[in-house]
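Source: prediction; values computed, not measured. Counting starts at 1 for both ligands and their atoms, following the listed order.
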Amino acid sequence: MLVARNGTPVRARLAGVEGYVPERVLTNAELERIVDTTDEWIVSRTGIRERHVAADDQATSDLAVEAARRLLERTGTDAADLDAVLVATTTPDHVFPPTAPLVAGRIGARSAAAVDLNAACSGFIYGLAQSTALVECGMARNVLLIGSEVLTRYVDWTDRTTCVLFGDGAGAALVSAAPPDAVDGFLGFDLGADGDLADQLTVPAGGTRAPAHTAAPEDLCIRMNGREVYKFATRIIEESARRLLERLEIGVDEIDLMVAHQANIRILEYATERLGIPEDRVFNNIDRVGNTSSASIPIALAEARDRGRLRPGDLVLMVGFGAGLTWGAAVARYEPPAAPTPDAAGPA
Ligand code: COA
């Protein structure tokens, strides 16, 4: 699905973003003591140095609530003004109830619709598209979108090919209606899926295909054909981003910041080089968070903002990819450009 925003009377904007990672840090040195691996191998093949792991009593909704509270506080938003709470997750608290109603209840979003969506590591981009659609068709004015994951509960800690990759975290974004003359907002999306490749990245059991109570423990963990996923990711980041930019008639050189799903630094460096986006216009934080699936893009966006890398008025390209295999790209103008100060505007 390729969509360019086409003059709807209301435009959806990215009104804020916040991240949260659990306190506990798991370093590569600790992994060396668990499986047959080395810090050198992990860093050179993935770029990951450490990741965060949820405490035993923390579930996906707990991480989501932390990120949501930070976002509401930062943006000065009253939870009662939220029309919808969407939680993108591939690791929900339960089969049911969904995680979003738990989050909405705890933050006091009493008049919000609340629903989960699962597009694995593309979940945040799919969620941005759905939030934008809700706002631009007039069904909502404020949508709280949270990507939240506790992937470490699905990691096989004896499998060195996967256990070094994943971490836990949550990222929250506020998608709100902007005034008609606003210059910021979402410009378009490219979303897709290739179900023929579904078996390349799975948790084989725990659903209706192989219920958890009948499953071998290892089938309740992440199983991946790393090389195939690697090939898919490097191809799809470039393809999806190019398709969307061409549709929007935006040149690669106009992109101020690219934030892609943090899965592997080699994937990211290869794809951004192919796209021709210079390093200083790409933000990565995989070295400190690992792969947090649907949480990775909002966590990275918030960090980029905090480090002064995402600035008001920036044109931002976001790209996600993951199990399904799914992908999604989005382009947004972030916040209105700052009004010129009297000095910068020159003498009156
Ligand atoms: N430590 C040490 N050695 C390891 C290892 C680890 N953690 N994991 C794998 N190896 C070994 C393999 O066993 C293999 O050894 P062998 O040649 O004796 O069989 C060797 O390293 C090379 O394995 P290979 O799978 O070819 O490595 P790679 O360079 O392809 O890197 C991944 C593996 C997983 C890092 C890489 O394929 C990848 O990042 N794929 C995409 C994964 C991803 O992003 N998934 C999520 C998408 S949302």
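- Comment: D62 engages R106 in a salt bridge, judged by a side-chain N to carboxylate O separation of less than 4.0 angstrom.
- When distances from atom 46 (C) of ligand 1 to the protein are checked, a heavy atom turns up under 4.0 Å.
- Counted within 6.0 Å of CD on E273, heavy atoms from surrounding residues, nucleotides or ligands total 12 or fewer; the atom is thus considered open.
- Remark: ligand 1 atoms within the under-4.0 Å shell around heavy atoms of N291 are 46 (C), 48 (S).
- For atom 35 (C) of ligand 1, the candidate residues are I42, D39, L268, T46; the nearest heavy-atom contact is made by T46.
- Contact annotation for T37 and ligand 1: heavy atoms of both the backbone and the side chain come within less than 4.0 Å of the ligand.
- T292 and E149 share no donor-acceptor pair across their side chains, judged by distance under 3.5 Å alone.
- Ranking protein heavy atoms by distance to atom 22 (C) of ligand 1, first place goes to R45 NH1, 3.8 Å.
- Annotation for ligand 1: atoms under 4.0 Å from non-hydrogen atoms of M224 are 42 (C), 43 (C), 45 (N).
- Remark: atom 28 (P) of ligand 1 lies closer than 4.0 Å to at least one protein heavy atom.
- A side-chain donor-acceptor contact under 3.5 Å links R160 to the backbone of D36.
- Of all the heavy atoms in R309 and D314, the pair that sits closest is O-OD2, 3.6 Å.
- Considering each of V35, I222, T161, the one bringing a non-hydrogen atom nearest atom 34 (C) of ligand 1 is T161.
- Under a 4.0 Å criterion applied to the non-hydrogen atoms of C121, ligand 1 contributes the atoms 48 (S).
- Close approach of ligand 1 to G322 is summarised as follows: ligand atoms under 4.0 Å from at least one heavy atom of the residue are 48 (S).
- Salt bridge annotation for E228-K231: present, with a cationic side-chain nitrogen under 4.0 angstrom from a carboxylate oxygen.
- Residue, atom and distance of the protein heavy atom nearest to atom 8 (N) of ligand 1 are W41 CH2, 3.3 Å.
- Looking at T162 against ligand 1, nothing comes within 4.0 Å, counting heavy atoms.
- A donor-acceptor distance shorter than 3.5 angstrom exists from the side chain of D83 to the backbone of N142, with no hydrogens or angles considered.
- Judged by distance alone, the side chains of W41 and N28 never bring a donor and an acceptor atom under 3.5 Å apart.
- Taking every heavy atom of N264 and a limit of under 4.0 angstrom, the matching atoms of ligand 1 come to 35 (C), 38 (C), 39 (O).
- Remark: atom 39 (O) of ligand 1 lies closer than 4.0 Å to at least one protein heavy atom.
- Summarising the geometry, atom OG1 belonging to T77 is positioned 7.5 Å from atom CG belonging to D81; distances are rounded to the nearest 0.5 Å.
- Nearest protein neighbour of atom 41 (C) of ligand 1, counting heavy atoms only, is G226 O, 3.5 Å.
- Between E279 atom CD and E269 atom CD the span is 6.5 Å, to the nearest 0.5 Å.
- Tested against R288 for a side chain to side chain donor-acceptor pair (under 3.5 Å), the candidates E303, H52, Q262, E50 yield a single pass: E303.
- Among all non-hydrogen protein atoms, the one lying nearest atom 18 (O) of ligand 1 is R160 NH2, 4.8 Å.
- Counting protein heavy atoms only, atom 25 (O) of ligand 1 is closest to R227 NE, 4.1 Å.
- Every atom of ligand 1 is numbered from 1 in the order shown, and the set under 4.0 Å from a heavy atom of V229 is 43 (C), 45 (N), 47 (C).
- In terms of protein heavy-atom proximity, atom 36 (C) of ligand 1 is closest to Y230 CD1, 4.0 Å.
- With hydrogens left out, the protein atom closest to atom 31 (O) of ligand 1 is R266 NH2, 3.6 Å, a heavy atom.
- Within ligand 1, the atoms closer than 4.0 Å to a non-hydrogen atom of F321 are 48 (S), numbered from 1 in the order shown.
- Within a 6.0 Å radius of CZ in R274, no more than 12 heavy atoms belonging to other residues, nucleotides or ligands are found.
- With hydrogens and angles disregarded, no donor-acceptor distance shorter than 3.5 Å links the side chain of N284 to the backbone of I286.
- What sits closest to atom 44 (O) of ligand 1 on the protein, heavy atoms only, is A263 CB, 3.4 Å.
- Proximity of H261 to ligand 1, defined as any heavy-atom pair under 4.0 Å, is confined to the side chain (atoms from C-beta onward).
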* To do: Would you check, one step at a time, whether the test salt bridge (charged side-chain N to carboxylate O under 4.0 Å, His left out) holds for R24 with E30?
  => CA-CA 12 Å; R24 161 97 168 92; E30 287 172 86; 3.1 Å; yes

